[in-house]
**Q** 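Quick one: the structure is below, questions incoming.
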Protein chains: 2
Amino acid sequence: MTPIEQDAPLGRRDLRKQQTRAALTGAALRLCALRGFDQVTVDDISTEAGVSSRTFFNYFASKEDAVLGDHLVEVDAMRARLAVLLPTMPVLEAVRRAVLLVVAAMEADRDHWFLRMEIIQRSPQLLPRLVLSNAEAERATTEQIAAHLGVDPIAHGYPALVVAATSASFRVAATRWMAAAGRLSLGALVDEAFSGLAAGLPDPDIPPPRPRAGAPVPPG
Amino acid sequence: MTPIEQDAPLGRRDLRKQQTRAALTGAALRLCALRGFDQVTVDDISTEAGVSSRTFFNYFASKEDAVLGDHLVEVDAMRARLAVLLPTMPVLEAVRRAVLLVVAAMEADRDHWFLRMEIIQRSPQLLPRLVLSNAEAERATTEQIAAHLGVDPIAHGYPALVVAATSASFRVAATRWMAAAGRLSLGALVDEAFSGLAAGLPDPDIPPPRPRAGAPVPPG
DNA sequence: AATAAACTTGCAGCCACTGCAAGTTTAAGG
DNA sequence: CCTTAAACTTGCAGTGGCTGCAAGTTTATT
């Protein structure tokens, strides 16, 4: 998504490919935010981007992919960071810090993400696919943590549990971030969520506007 | 899914509808487990179930729905149970106990769930839709907890966080359950996952069978 | 038995998506 | 500069998911 300027050899061919890809995602996001996801055909997007609909499918495997993006780059970066962090701190803390990479990428791509939010809100069918793009990453991270701990990733539930819980927390933070239209820092929201996790999700202290019925009995 | 025998008025019409629906899901699960999800057409399923493909879409909105089911009943039951439990115990504990209802439903429907697992493993595209069916339920539960705590569900992150984390934990437990082909109790796996959550996901104590290679040296 | 309601089905059609076989553009080597 | 190979685009034809419509058929109602 974010136009990445690498020192890699960029012939005018690869340059044009990047342009086309950007044009397609741009058109997809713009049109879908305007009309709603299923009121936009692949042909609309392709025409808006100035290519044929057949070409669209040379760039994206599905209409949804064009809207949601792939985010593979960040995933790889996160895996590398995790590898460095895991040996030096508790798992949960390592994951928290690694996730900050994704936070940075999303904050850098604010505009696209806000459009995505609008589109997803109108077409909830998209939300699961967004989760799926994480699913593969989650599986890999689970194995990475299992390897680090020296346990079997299916016999032992911990690695999968940490990954699933942190991933869910991240999603909650991202949702709040987009709901707040960026008035809050995504990083701060993520930190808040991870703190809640690390504390074991205790009932929050509510500044008591009014007491509720049925006494909450602290266990133990 | 599970044939529910209510005292409700069951004319031979509603009876036949139930039969058709069961035949369709049965055919869908059987065929997809055998050949793989996208090697089975709606026509195959309909023919196997003895109805036209047009009728298929009178019962299910999509091919995926036929395989994954809807699970609306359990969701409603869980919501009711939560309403009773919330005022008398911490949120996390209330959710844990409410989830046991879903656990019971799944254990009662073992066979279908194991087929679903096989199918989903071969066609990971299905996993997100399974998550989506939960998404609506999660939103409702979040609001229920927010109302109980007397906080605004978007200003305050706790309700969404608890729901997302517990939901993810449940998914992990279910995955392990299916991976173990039912040799373990789903209830026990869920309890284990919730315990990990309540403890704040600390690094597990690994019984050290052997030190692993590539020495991760914990710094002082 | 007559009427209304519910259910099934075929048909026509939209759209996402794919493989194939052109045609066109760019890169590479002499 | 010219040639050749590779890469990219595109149209075409076809599959399959999914929908609305307009019968036709079955079941419930009075």
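Convention: sequence-line order gives letters A, B, ...; per-chain numbering from 1. Excluded from the calculations below are hydrogen atoms, water molecules and symmetry mates; all remaining heavy atoms, backbone and side chain alike, are included.
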**Q** Closest approach to the side chain of Phe57(A), judged atom by atom: which nucleotide of dT18(C), dT10(D), dT9(D) is it?
**A** dT18(C)
**Q** Find the distance Glu64(B):CD to dC18(D):P and express it as a whole number of Å.
**A** 7 Å
**Q** So which one's nearest nucleotide on DNA chain D is more toward 5', Arg16(B) or Val42(B)?
**A** Val42(B)
**Q** Please give, in whole Å, the distance from dT15(D) C1' to Gln39(B) CD?
**A** 12 Å
**Q** Which nucleotide in the set dC15(C), dT19(D), dC20(C) lies at the smallest distance from any side-chain heavy atom of Arg54(A)?
**A** dC20(C)
**Q** Do Arg13(A) and dT25(C) share a donor-acceptor pair, side chain to base, under 3.5 Å?
**A** yes
**Q** Applying a 4.0 Å non-hydrogen cut-off, can you work out what Asn58(A) is touching in the nucleic acid: base, sugar-phosphate, or nothing?
**A** base
**Q** Looking at Asp70(B) and Arg21(B), is any side-chain nitrogen of the basic one under 4.0 Å from a carboxylate oxygen of the acidic one?
**A** yes
**Q** State whether Ser52(B) places a side-chain N or O below 4.0 Å from either non-bridging phosphate oxygen (OP1 or OP2) of dT9(C).
**A** yes
**Q** Checking contacts here: which listed nucleotide (dC18(D), dC17(C), dA16(C)) is nearest the side-chain heavy atoms of Ser62(A)?
**A** dC17(C)
**Q** Taking the six-membered ring of Trp113(A) as reference, does the cationic atom of Arg110(A) (NZ for Lys, CZ for Arg) lie under 6.0 Å from its centre and within 45° of its axis?
**A** no
**Q** When you measure from the side chain of Thr41(B), which nucleotide among dT8(C), dG16(D), dA16(C) comes out closest?
**A** dG16(D)
**Q** Find the distance Asp43(A):CG to dA16(C):P and express it as a whole number of Å.
**A** 8 Å
**Q** Should the pair Tyr158(A) and His156(A) be assigned to parallel (<30°), tilted (30 to 60°) or perpendicular (>60°) ring geometry?
**A** perpendicular
**Q** Provide, to the nearest angstrom, the distance between the CG atom belonging to Asp44(A) and the P atom belonging to dC14(C).
**A** 14 Å
**Q** On the nucleotide dC7(C), are OP1 or OP2 found under 4.0 Å from the side-chain N or O atoms that Lys17(B) carries?
**A** yes
**Q** Closer than 4.0 angstrom, basic N to acidic O: yes or no for Asp76(A) and Arg79(A)?
**A** yes
**Q** When you measure from the side chain of Tyr59(B), which nucleotide among dT10(D), dT8(C), dC15(C) comes out closest?
**A** dT8(C)
**Q** Answer yes or no: are there more than 12 heavy-atom neighbours, outside Ile154(B) itself, under 6.0 Å from its atom CD1?
**A** no
**Q** For the pair made of CZ in Phe56(B) and P in dT8(C), what is the distance, rounded to whole Å?
**A** 13 Å
**Q** Between dT25(C) atom P and Gln19(A) atom CD, what is the distance in whole Å?
**A** 16 Å
**Q** Mind calculating the distance between CG (Asp14(B)) and P (dT8(C)) to the nearest angstrom?
**A** 11 Å
**Q** Between Gln125(A) (CD) and dA16(C) (C1'), how many Å, whole number?
**A** 13 Å
